[in-house]
2 protein chains.
Amino acid sequence: MKTLEEKAEKFNYNDLNERSREILLGIIEGYFGTANPVGSKFIAENSKLNLSPASIRNIMASLEEAGYIYQPHFSAGRIPTAKGYKFYVDSLMKTEQITLKEKEDIEIRLTSANRDLNGILNQVSILLSDLSHYAGVVLAPDMSEANLLHIEFIRIKEKNILAIIVFANGVTENKSFYITKDIKQNELTRYSNKLNEIIEKKHCSLDGLKEIIVEEIHNDKENFYSILNMEIFSSIGNVSGYWDYEHYDNCLYVGPEGDLIEEPEFSNNEQIKFLIKTISDKKNIIKLLGHTKNSKTKQIFIGSEEEWSEISGLSLITAPYISGTNMIMGSIGIIGPLRMNYSHVIPIIDFVSEFLSGII
Amino acid sequence: MKTLEEKAEKFNYNDLNERSREILLGIIEGYFGTANPVGSKFIAENSKLNLSPASIRNIMASLEEAGYIYQPHFSAGRIPTAKGYKFYVDSLMKTEQITLKEKEDIEIRLTSANRDLNGILNQVSILLSDLSHYAGVVLAPDMSEANLLHIEFIRIKEKNILAIIVFANGVTENKSFYITKDIKQNELTRYSNKLNEIIEKKHCSLDGLKEIIVEEIHNDKENFYSILNMEIFSSIGNVSGYWDYEHYDNCLYVGPEGDLIEEPEFSNNEQIKFLIKTISDKKNIIKLLGHTKNSKTKQIFIGSEEEWSEISGLSLITAPYISGTNMIMGSIGIIGPLRMNYSHVIPIIDFVSEFLSGII
DNA sequence: ATTAGCACTCTATATGTTTAAGTGCTAATC
DNA sequence: GATTAGCACTTAAACATATAGAGTGCTAAT
């Protein structure tokens, strides 16, 4: 009987020894290939280690005790746990290079169409699905701190105004709203001209503009600001809550999931339903993408019972994208099975997020 | 042995006799309730006809011969065929009234938010999913013949221009594009002012505007149109191909399908995959919604092997929506199983399409 | 420290049996 | 002549049982 200390030394719980690493890697890569539990015989035959199945079994038992792998039932091979995948991604994986062909594909598909931002983000979600054969997702940026470029008001009909807000990064938002007193188009034009003067001078955000206006009204000697209808301003004021939780319908783009559901894990009916519900509900995906957006670094969420249970059985790889001013950002991601081809998907996410940051 | 003529008389292939209709209705409604094949005993006990199971069996055999029902296997009950559903929808079904609560729900959810058209259409797709518990879909309108309200050009950076095109129905399109020679903002403003003058006078579409400009340039004595940069015009000229097959990514809104996949037909793995692929591929749905848009009437597509096989095993109920000028339109729809609750869904589609036509 | 050998466990597969549902047909009945 | 009771038949689904195969943990030998 070995003591706990001896075991801890042997397998070095924090950073597995060479042999354990090799076997864990073998199990994970074997499982990637077949989607079936991997047994000691397979490892013995396929790894560089010249060990008998019996020795491998010893090490496997320890890896299982340490939580990196598990057995679906007594006489089955081993499957990586979330902890196992995590260790793989952090320490074992050799990241592939993105191919030239993929690079070209990304460049062509994201630059050829002269679309607005919504069109580009939608295109990115489709592109990510196509490249990964999983499901691409894109979280639209939050515009609340973006600098303005231009504001325009158009009278659609009596008491109904359309506000067009153009941000410095090319994003436009349109919002139609009603006011209590009708305003003629030429008065609206004077109003927007005045706002655009301020915008050009101060390079401010929507909130910033609001502050400036309030101050100018305060010092308004010439009474010029009588034309500033505060009703309009409060209507456009909250346009910028682009993806708060009330309007989350419009902030997540999901690429086609036709390839993803062909993965063998989704031959189980419960799993496919969980996947579709998770994706079509959107809320949890938005929450996780929001994490990445806030943390400003690439993140990998591996869903288990204990951690990220909202995507239990699924993995989500995400990275933020940023505008030229480093202010505005959202995030992109790929959803797949735990058994995801991390070494292929991660460079795709890296390249697309970087490329996207460059063009918006 | 009966002759064919006698049978034809008895069951009146074109318009089933009273007794056959009653039994077909019983089978269909029974199948709606349980999703299981319906046998003669069930009909004998649940229909108004006081007939023994044996008599019902006779009639069932004829209904099967005529193609309205079929048996999944020899000793099973009967299931309606696509032809059976069609007959039900056309002749047997009593349409329910939409409830006051549903009406209010629709009105609140489509008027409360002051969104742009894209936001409304997205909201409609979600609303349809919620009300029907199936999957709502919405095809965005084709803007190529829509009247213009306003055009605006904004210089984003050197040689990069953002065009904002506002249509009379409140739809806005934004398109960023590059030109070969830089143009200052004040020249762009002069240009758009001129275009807006024409728009206000002539109430024309984008194509119409193009024609007018070409003609005016032809008669341009004062050389005013030197500022009309044809490069710009050709760039915005093809903005309006809103949902041609090259850009179909952006023209279909699909509501959440979480409820739909809980229907018992999707406990079969093949069927759920077909559903997800059909929905995520979009092309076929767009095609079918396009039919309705062009025919300008409500339509019901019941997918079988023979007809509408692209949605085999699914039903799609669609109706067009139109703008105030009766020119611009798209269509809305609900996708569900063949065993869809038609009498509930059809009035929802009717009301929503009418209501939507009223507000855009 | 490693491994051959073996008993053991569990799944997957095939096979046979039973049950229940529902049919089509025939002959009797209204 | 229309209706129906009765019955033999078909099939799927549920259940039980046997078998093969994969893979394990443990022990004793190397």
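A note on names: the letters A, B, ... follow the listed sequences, proteins ahead of strands, and every chain is numbered from 1.
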| said: Holding to side-chain contact (heavy atoms from CB on, under 4.5 Å), I want the full list of residues that pass it with B:Lys86, two or more places apart in sequence or in another chain. | reply: B:Asp90, B:Ile302, B:Glu307
| Does A:Leu288 reach the side chain of A:Ile311, with side-chain heavy atoms less than 4.5 Å apart? | yes
| Atom CD1 of A:Ile69 and atom C1' of D:dG23: how far apart are they, to the nearest Å? | 13 Å
| Whole angstrom value for the distance that separates C1' of C:dA4 from CG of A:Leu51 | 14 Å
| Want to know the stems of DNA chain D: at least 3 consecutive Watson-Crick or G-U pairs with distances under 3.5 Å, which are they? | C:1-30 with D:1-30
| query | Quick one: B:Leu49 CG to D:dT3 C1', roughly how many Å, whole number? | reply | 13 Å
| query | Can you check whether B:Ser55 has a side-chain N or O nearer than 4.0 Å to OP1 or OP2 of D:dT3? | reply | no
| Set of side-chain contact (heavy atoms from CB on, under 4.5 Å) partners for B:Thr95, sequence neighbours left out | B:Met93, B:Pro347
| query | Rounding to a whole Å, what distance do you find between B:Ile79:CD1 and D:dA12:P? | reply | 13 Å
| task | For residues 266-288 of chain A, pull every pair meeting ring-ring contact (aromatic ring centres under 6.0 Å, His included), keeping only residues two or more places apart or in separate chains. | result | none
| task | Could you encode protein contacts along nucleotides 13-30 of chain C as a string, one character per nucleotide from 5' to 3', using B for base contact, S for sugar-phosphate-only contact and - for no contact, with a heavy-atom cut-off of under 4.0 Å? | result | --------BBBBB-----
| message | Tell me every residue that passes side-chain contact (heavy atoms from CB on, under 4.5 Å) with B:Thr99, counting only those two or more places apart in sequence or in another chain. | response | B:Lys101, B:Glu102
| remark: Taken to the nearest whole Å, CG/B:Asn17 to C1'/D:dA2 is 14 Å
| request: Mind jotting down which residue pairs meet the side-chain hydrogen bond (donor to acceptor under 3.5 Å, both in side chains) criterion with at least one end in residues 35-49 of chain B? Sequence neighbours excluded, please. | output: B:Ser40-B:Arg57
| field | Contacts of type side-chain hydrogen bond (donor to acceptor under 3.5 Å, both in side chains), residue B:His291, not counting sequence neighbours | value | none
| Nearest-angstrom distance from the residue atom CD1 of A:Ile56 to C1' of C:dA4 | 15 Å
| Under the side-chain contact (heavy atoms from CB on, under 4.5 Å) test, residues paired with A:Arg339 that sit two or more places apart | A:Tyr31, A:Phe32, A:Ala35, A:Tyr85, A:Glu263, A:Pro264, A:Glu265
